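Start at 1 with the first residue, then count along the sequence. Given the structure is predicted, the values throughout are model-derived calculations rather than measurements.
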Amino acid sequence: MELFEWLTDTTAGQFVFTMLVSMIPIIELRGGLPFGVALGLPYHLAFPAAVIGNLIPAPFIIVFIRRIFALMRRYMPRLNGVVDKLEAKAHLKGATMLKYQHIGLWLFVAIPLPGTGAWTGSLVAAFLDMRLKKALPAVVLGVITAGCIMLALTHVGINLFSGAIA
């Protein structure tokens with residue numbers, strides 16, 4: 001069996017595929033959950049696959065992103081513009097969150113809109129010097145909350161779409 005067939009035709013493969021899609025920046029859980037359901041994964045499996053996939057990069061971003069950016073600036077100066085944009089985005093989002101810290105981080109990650117997921121939340125936490133043991137629970141709660149919202153929206157969307165076709 002080829003890899004693509006395994007990823008699309010088996011439950012285990014669909015679970016892994018959903019996790020991988022949910023790990024992609026910008027797409028994250030907001031795209032991964034509907035993707036998994038559209039792939040044929042049952043809701044009760046698509047939800048944890050999307051949550052787990054979305055959370056895998058978070059601790060690494062919180063702990064290492066500042067060092068990675070410093071190395072990029074030093075050894076890949078052509079990417080300074082990209083690093084500048086990411087840092088500016090983190091500082092801009094972080095200014096609002098600074099007042100509310102962990103509750104603000106949770107709510108920020110929970111809003112299922114582009115640019116407010118676990119990737120950006122973890123980036124903001126890193127630039128606000130939030131400790132991993134404080135930031136990660138807020139990101140986890142935010143991802144689970146966003147997952148619940150997206151699960152409901154996916155379910156409603158599928159029912160509306162299937163009703164419109166029938």
Side-chain angles (χ1 to χ4, degrees), residues 1-69 71-72 76 79 82-83 85-86 89-90 93 102 105-127 130 132-166:
M1 181 180 291
E2 291 186 35
L3 179 62
F4 185 75
E5 288 177 10
W6 180 78
L7 287 171
T8 57
D9 296 343
T10 66
T11 302
Q14 292 169 346
F15 191 92
V16 170
F17 205 178
T18 302
M19 281 179 51
L20 292 172
V21 168
S22 299
M23 290 174 70
I24 300 170
I26 300 170
I27 296 173
E28 301 190 42
L29 174 134
R30 288 135 182 86
L33 183 60
F35 173 82
V37 172
L39 200 56
L41 203 57
Y43 290 106
H44 70 278
L45 294 176
F47 181 83
V51 168
I52 292 166
N54 197 196
L55 287 174
I56 288 172
F60 299 102
I61 294 168
I62 294 168
V63 173
F64 297 115
I65 198 66
R66 294 176 89 175
R67 285 179 241 171
I68 291 169
F69 282 175
L71 288 172
M72 286 173 70
M76 296 180 254
L79 296 177
V82 173
V83 173
K85 286 180 183 178
L86 289 170
K89 182 177 183 179
K93 307 273 184 179
H102 306 100
L105 182 58
W106 163 56
L107 292 173
F108 176 78
V109 174
I111 299 167
L113 295 172
T116 62
W119 278 80
T120 306
S122 298
L123 188 65
V124 169
F127 281 97
M130 295 174 86
L132 180 66
K133 68 181 184 179
K134 296 281 187 168
L136 193 58
V139 171
V140 169
L141 283 173
V143 168
I144 291 171
T145 304
C148 291
I149 294 167
M150 287 308 302
L151 192 63
L153 291 174
T154 301
H155 184 69
V156 168
I158 287 174
N159 285 334
L160 286 174
F161 183 69
S162 64
I165 292 175

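Under the 4.5 Å side-chain criterion, counting only non-hydrogen atoms from C-beta, M19 is in contact with I56. A 4.5 Å side-chain heavy-atom check between S122 and I65 finds every atom pair outside the cut-off. Between L123 and F69 there is a side-chain heavy-atom pair separated by less than 4.5 Å. Counting heavy atoms from C-beta on, the side chains of T116 and R30 come closer than 4.5 Å. The closest side-chain heavy-atom distance from L86 to V82 is below 4.5 Å.
Closest non-hydrogen pair, L136 versus A58, comes out as CD1-CB, 4.1 Å. The two atoms that bring L105 and A125 nearest to each other are CD2-CB, 4.0 Å, heavy atoms only. Nearest approach of S22 to L33, heavy atoms of both residues: OG-N, 4.4 Å. Nearest approach of T18 to G36, heavy atoms of both residues: OG1-CA, 3.1 Å. Residues P112 and I149 approach most closely at CG-CG2, 3.5 Å, considering heavy atoms. The two residues V143 and A118 have their closest heavy-atom pair at CG2-CB, 3.7 Å.
At most 12 heavy atoms of other shown residues, nucleotides or ligands fall within 6.0 angstrom of atom CD1 in I26.
Put simply, the side chain of W119 never gets that close to the backbone of N54: no donor and acceptor are under 3.5 Å apart. Side-chain N or O atoms of Q14 include one that pairs as donor or acceptor with a backbone N or O of T8 at under 3.5 Å.
For residues 40-60, the pairs satisfying ring-ring contact (aromatic ring centres under 6.0 Å, His included) are Y43-H155, with sequence neighbours left out.
Contacts of F35 classified as ring pair (Phe, Tyr, Trp, His ring centres under 6.0 Å), with partners at least two apart in sequence or in another chain: F17. Listed by chain and number, the residues in a side-chain hydrogen bond (donor to acceptor under 3.5 Å, both in side chains) with T11 amount to none (sequence neighbours excluded).
Atom OG1 of T10 is separated from atom CG of L41 by 10.0 Å, given to the nearest 0.5 angstrom. Remark: E28 CD to L55 CG distance equals 10.0 Å, nearest 0.5 Å. Atom CD1 of I61 and atom OG1 of T120 lie 8.5 Å apart (nearest 0.5 Å).
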